[in-house]
Amino acid sequence: MEKKLRFNSLTIHGGQAPDPAYGAVMPPIYQTSTYAQTTPGGHKGFEYSRTHNPTRQALEKNLAHIEHGAFGLAFASGLAAMDAVMKLLKPSDEVIATDDLYGGSYRLFTKIFEPYGIHFRFVPMQSTEKVAQQITPKTKLLWVETPTNPMMNVIDITAMANLAKHHKLLLAVDNTFASPYLQQPLTMGADIVMHSATKYLAGHSDVVLGALITNDASLAERLSFIQNASGAVPGPFDSFLTLRGIKTLHVRMERHCQNAATIAQYLAHHPKIESVNWPGFDHHPNHTIAQAQMKDFGAMLSFVPKGANHQTAIALVEKLKLFTLAESLGGVESLAGHPASMTHASIPKDLREKSGVVDALIRLSVGIEDVQDLIEDLEQAIG
Ligand SMILES: *Cc1c(COP(=O)(O)O)cnc(C)c1O
């Protein structure tokens with residue numbers, strides 16, 4: 001494919017070609033662990049499926065294209081992808097990470113990598129100044145998640161990239177919440193993009209898979225060495241499902257964003273709602289950056305009902321019928337969650353509340369159903 005395709009075409013065609021064997025338009029699910037050799041080392045580019053698998057490779061090429069990267073790597077989960085990035089580091093290295101991070105990321109950093117001697121500082125990254133103040137000669141990596149979960153703060157990726165370049169740090173961006181439909185961090189100067197493809201990329205709540213994308217050949221080589229040596233790879237069927245999901249990313253995201261905008265406005269005007277966190281509001285503290293950096297404002301939002309506490313917030317999410325009470329996000333179906341007792345339960349209460357994740361906060365992943373049905377469901381639950 002010589003012609004430079006636009007984003008929507010890339011989701012479908014990026015890195016893809018009919019299968020050479022029979023012309024299959026979708027890559028076959030090569031459900032094999034090993035490949036016949038004619039003589040030792042005499043093979044067609046595939047030896048063992050931990051190292052390479054044709055279905056996984058088709059996905060990895062597609063991932064690279066949609067993030068405007070040169071190299072894509074697929075992992076068994078988003079956290080397995082992050083785990084591979086952390087293995088680029090050595091004991092006594094320091095990482096500066098976004099403060100209101102996905103709970104599982106915080107757990108991976110503090111419970112797995114701290115004991116191996118890697119140090120983490122969690123900083124509110126809406127202020128570039130605050131990040132700069134935390135950089136020491138031992139700092140090696142900036143880990144950015146934007147928009148953040150569940151407070152929907154937006155971090156200026158270009159500013160973080162400039163800071164990283166100035167101090168010779170790596171910049172990794174968790175692009176799970178936005179997806180490449182909304183923002184492409186490599187084009188803003190990031191070194192590595194990470195995805196929980198479990199969410200918007202696969203998009204149908206039927207697979208767990210992670211991804212890393214980079215433009216840097218030496219980073220790609222080190223990461224694919226780790227991918228093979230540590231072995232947290234996805235199977236061919238999960239790779240196939242993710243690739244199939246990505247082909248409709250752009251149409252799904254468009255409707256996700258429209259529905260979320262309608263619901264954000266509905267909640268903001270509701271007399272029983274105290275506050276709504278969604279970067280599309282003019283009064284959102286990072287609205288200007290969101291507008292400049294993102295194509296639209298995404299489909300995640302959170303809100304606090306008036307006078308709510310832990311119990312009443314839980315009662316509200318339990319009353320929802322069309323919104324499923326569940327962990328995760330980014331699927332076609334709408335989900336509701338209570339971060340303090342679900343996604344963010346592994347973050348200590350004081351740290352959690354400092355970044356706004358109060359006990360009464362409710363998070364929504366807005367799906368692509370008829371928005372009026374979603375609003376009627378919220379209406380009956382809010383009461
Ligand atoms: C879900 C998620 C992860 C972890 O990904 P898994 O696929 O569940 O391992 C990391 N970051 C963010 C922002 C997520 O939402």
Side-chain angles (χ1 to χ4, degrees), residues 29-31 33 48-53 55-64 66-67 69 71-90 93 95 97-98 101-116 118 120 141 143-145 149 170 172-177 179-180 185 190-214 216 219-243 245-246 327-331 343 346:
I29 301 163
Y30 281 97
Q31 194 71 40
S33 62
Y48 187 61
S49 281
R50 174 165 25 75
T51 320
H52 295 296
N53 172 281
T55 317
R56 191 179 97 210
Q57 196 174 75
L59 169 65
E60 290 176 328
K61 286 186 175 165
N62 182 258
L63 288 165
I66 61 174
E67 280 288 3
F71 309 94
L73 296 158
F75 291 84
S77 68
L79 285 173
M82 290 180 71
D83 181 271
V85 174
M86 292 303 137
K87 286 172 178 163
L88 294 169
L89 305 175
K90 301 185 305 305
D93 284 351
V95 178
T98 307
L101 209 56
Y102 173 74
S105 307
Y106 179 81
R107 183 177 58 196
L108 176 72
F109 291 167
T110 57
K111 297 286 198 284
I112 304 289
F113 285 99
E114 278 276 3
Y116 283 102
I118 295 167
F120 296 87
L141 173 73
W143 186 274
V144 171
E145 186 181 318
N149 176 19
L170 284 177
V173 177
D174 181 339
N175 204 25
T176 301
F177 264 42
S179 91
D191 299 293
I192 300 170
V193 168
M194 172 259 159
H195 276 283
S196 169
T198 313
K199 318 293 168 51
Y200 289 107
L201 292 186
H204 295 74
S205 308
D206 53 8
V207 63
V208 172
L209 193 139
L212 298 176
I213 303 102
T214 181
D216 181 316
L219 262 181
E221 197 182 317
R222 288 166 70 201
L223 289 167
S224 69
F225 179 84
I226 295 166
Q227 181 194 38
N228 181 49
S230 290
V233 292
F237 185 53
D238 288 353
S239 300
F240 173 89
L241 283 176
T242 304
L243 187 60
I246 290 172
E327 307 266 0
S328 200
L329 60 114
T343 46
S346 54

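Since this is a predicted model, take the numbers as computed values, not measurements.
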* Please examine the side chains of Ile118 and Val95, heavy atoms only from C-beta on, and report whether any two atoms are closer than 4.5 Å. => yes
* Between Asp216 and Thr214, a side-chain donor and acceptor under 3.5 Å -> no
* **Set of residues satisfying ring-ring contact (aromatic ring centres under 6.0 Å, His included) with respect to Phe240, sequence neighbours excluded** => none
* **Closest contact, heavy atoms only, Leu329 versus Tyr200** => CD1-CE1, 3.8 Å
* Is there side-chain contact between Pro180 and Asn175, with heavy atoms separated by less than 4.5 Å? -> yes
* Determine whether Leu170 and Leu219 make a side-chain contact, defined as any pair of heavy atoms from C-beta on separated by less than 4.5 Å. => yes
* Decide yes or no for Phe109 and Leu101: does some side-chain heavy atom of the first lie under 4.5 Å from some side-chain heavy atom of the second? => yes
* Note, Met82 side chain near Phe113 side chain (heavy atom, < 4.5 Å) -> no
* Does any non-hydrogen side-chain atom of Ile213 lie less than 4.5 Å from one of His195? -> yes
* Structure fact -> Rounding to 0.5 Å, atoms CZ (Phe177) and CG (Asn149) come to a distance of 3.5 Å
Side-chain donor-acceptor pairs under 3.5 Å in residues 224-238, sequence neighbours left out?
{"residue": "Ser224", "atom": "OG", "partner": "Ala220", "partner atom": "O", "Å": "3.2"}
{"residue": "Ser224", "atom": "OG", "partner": "Glu221", "partner atom": "O", "Å": "3.3"}
{"residue": "Gln227", "atom": "NE2", "partner": "Glu60", "partner atom": "OE2", "Å": "3.0"}
{"residue": "Gln227", "atom": "NE2", "partner": "Ala74", "partner atom": "O", "Å": "2.7"}
{"residue": "Asn228", "atom": "OD1", "partner": "Arg50", "partner atom": "NH1", "Å": "3.0"}
{"residue": "Asn228", "atom": "OD1", "partner": "Thr51", "partner atom": "OG1", "Å": "3.0"}
{"residue": "Ser230", "atom": "OG", "partner": "Lys87", "partner atom": "NZ", "Å": "3.2"}

* Asked: Does a side-chain heavy-atom distance below 4.5 Å link Val85 with Trp143?
  -> yes
* To do: Check whether any side-chain heavy atom of Leu63 sits under 4.5 Å from a side-chain heavy atom of Leu201, and report yes or no.
  => yes
* Structure fact -> What one should report as the nearest heavy-atom pair of Ile66 and Ile246 is CD1-CG2, 3.8 Å
* If you look at every heavy atom in Ser49 and Arg56, which pair is closest and at what distance? -> O-NH1, 3.1 Å
